[in-house]
Undergrad: 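Sharing a structure with you now.
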Amino acid sequence: MTPVPLTGIRPARADELPVVAALRWRWVADQDGLPHQDRAEFIREFSAWAQAHADTHRCLVAVRDEHVLGMAFLALTPRVPTPHDFSRICGDVQCVYVVPEARDSGVGGLLIEAILRLAAELGLERVTVHSSERAIPAYVRHGFSAAKNLLQSELRIATDVPANRTYS
């Protein structure tokens, strides 16, 4: 496929957050069917959420002539300090999405590169991603690999543990 010429990849502006929200809506609708929530209400609430969380969830957009073709978020999480470093932060790549008409043209890869550049500029320790099967090759091409010590748990609330239990 012919590469889609981009104007650039940059931080999303506040006035673009409704467009980013609409992309998120489209992504969920494409994967899971139309959400039950009202689209306009979701766009309004998502935009407010993104604005309120701008310090911890950096949003980048891929644009062509001011038209947003894709988005990516870098979620920042402070880590417990060590005697050597009190400003430890890790990142998680979230919500990388490219409109179908611009897929397979390199836009997704450029978004991943931009997120990793941002992570490096911020001095992050590491960056993780929970990817779809389709996107794993793109992340591998950009240096992601399985980590032997990074695990995850599908959380389930135990029904036999009292809700008021205290942990010591």
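All heavy atoms count here, side chains included; hydrogens, waters and symmetry mates do not.
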Undergrad: Should Val63 and Leu69 be regarded as members of a common hydrophobic cluster, given that ILVMFWY residues are connected when their side-chain heavy atoms come within less than 4.5 Å of each other, either directly or indirectly?
TA: yes
Undergrad: Looking at Asp85 and Ser87, would you say the former's side chain and the latter's main chain have a donor-acceptor pair under 3.5 Å?
TA: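 Confirmed, Asp85 side chain pairs with Ser87 backbone.
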Undergrad: Starting from Val68, can I reach Val96 by hopping between I/L/V/M/F/W/Y residues whose side chains sit under 4.5 Å apart?
TA: yes
Undergrad: So Arg79 and Phe86, do their side chains get closer than 4.5 Å, heavy atoms only?
TA: no
Undergrad: Whether Arg39 and Glu45 form a salt bridge (side-chain N of Lys/Arg under 4.0 Å from carboxylate O of Asp/Glu) is what I want to check.
TA: no
Undergrad: Please name the pair of heavy atoms, one in Trp27 and one in Cys95, separated by the smallest distance, quoted to 0.1 Å.
TA: CZ3-CA, 3.1 Å
Undergrad: Side-chain contact test, heavy atoms from C-beta onward, threshold under 4.5 Å: evaluate it for Met71 versus Arg24 and give yes or no.
TA: yes
Undergrad: Specify the closest pair of heavy atoms between Ile115 and Ala72, including all atoms of both residues, with the distance to one decimal.
TA: CG1-CB, 3.7 Å
Undergrad: Could you tell me if the side chain of Leu124 sits less than 4.5 Å from the side chain of Leu74, heavy atoms only?
TA: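 Yes; the side chains approach each other to less than 4.5 Å.
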Undergrad: With a 4.5 Å cut-off on side-chain heavy-atom distances among I, L, V, M, F, W and Y, is there a chain of contacts connecting Val19 to Leu17?
TA: no
Undergrad: Return the OG1 to NE2 distance between Thr7 and His67, rounded to the nearest 0.5 Å.
TA: 10.5 Å
Undergrad: Please name the pair of heavy atoms, one in Trp25 and one in Gln37, separated by the smallest distance, quoted to 0.1 Å.
TA: CH2-O, 2.8 Å
Undergrad: Would you say Asp92 and Phe73 make side-chain contact, with heavy atoms under 4.5 Å?
TA: no
Undergrad: If you compare all heavy atoms of Asp55 against all heavy atoms of Leu76, which two are closest, and at what distance to 0.1 Å?
TA: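 Taking every non-hydrogen atom into account, O-CD1, 3.6 Å.
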Undergrad: Going by heavy atoms in the side chains, are Phe46 and Leu23 under 4.5 Å from each other?
TA: no
Undergrad: Which heavy atom of Arg88 sits nearest to which heavy atom of Val80, and what is that distance?
TA: NH1-O, 2.5 Å
Undergrad: Does the distance from a Lys or Arg side-chain N to an Asp or Glu carboxylate O, for Asp104 and Arg134, drop under 4.0 Å?
TA: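 Between Arg134 and Asp104 there is a salt bridge, with a charged N closer than 4.0 Å to a carboxylate O.
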Undergrad: Does this structure show an ion pair linking Arg10 with Glu16, if we count only N-O contacts that are shorter than 4.0 Å?
TA: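 Counted as a salt bridge, because a side-chain N and a carboxylate O are separated by less than 4.0 Å.
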Undergrad: Heavy atoms, side chains only, cut-off 4.5 Å: are Ile89 and Glu125 in contact?
TA: no
Undergrad: Thr128 versus Cys90: any side-chain heavy-atom pair under 4.5 Å?
TA: no
Undergrad: Hey, quick one: are Leu122 and Leu60 part of the same hydrophobic cluster, counting side-chain heavy atoms closer than 4.5 Å, chains of contacts allowed?
TA: yes
Undergrad: Quick one: closest heavy-atom pair of Ala138 and Ile112, and the distance?
TA: CB-CD1, 4.1 Å
Undergrad: Could you check whether the rings of His57 and His53 sit parallel, tilted or perpendicular, using 30° and 60° as the cut-offs?
TA: perpendicular
Undergrad: Between Phe144 and Leu116, does a side chain to side chain contact (heavy atoms under 4.5 Å, CB included) hold up when you go through it step by step?
TA: CA-CA 10 Å; Phe144 283 83; Leu116 291 175; 3.9 Å; yes
Undergrad: Would you say that Val28 contacts Phe42 through its side chain, given a criterion of any heavy-atom pair below 4.5 Å between the two side chains?
TA: no
Undergrad: Answer yes when Glu66 and Arg13 have at least one side-chain N-carboxylate O distance shorter than 4.0 Å, and no when they do not.
TA: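 Answer for the salt bridge query: yes.
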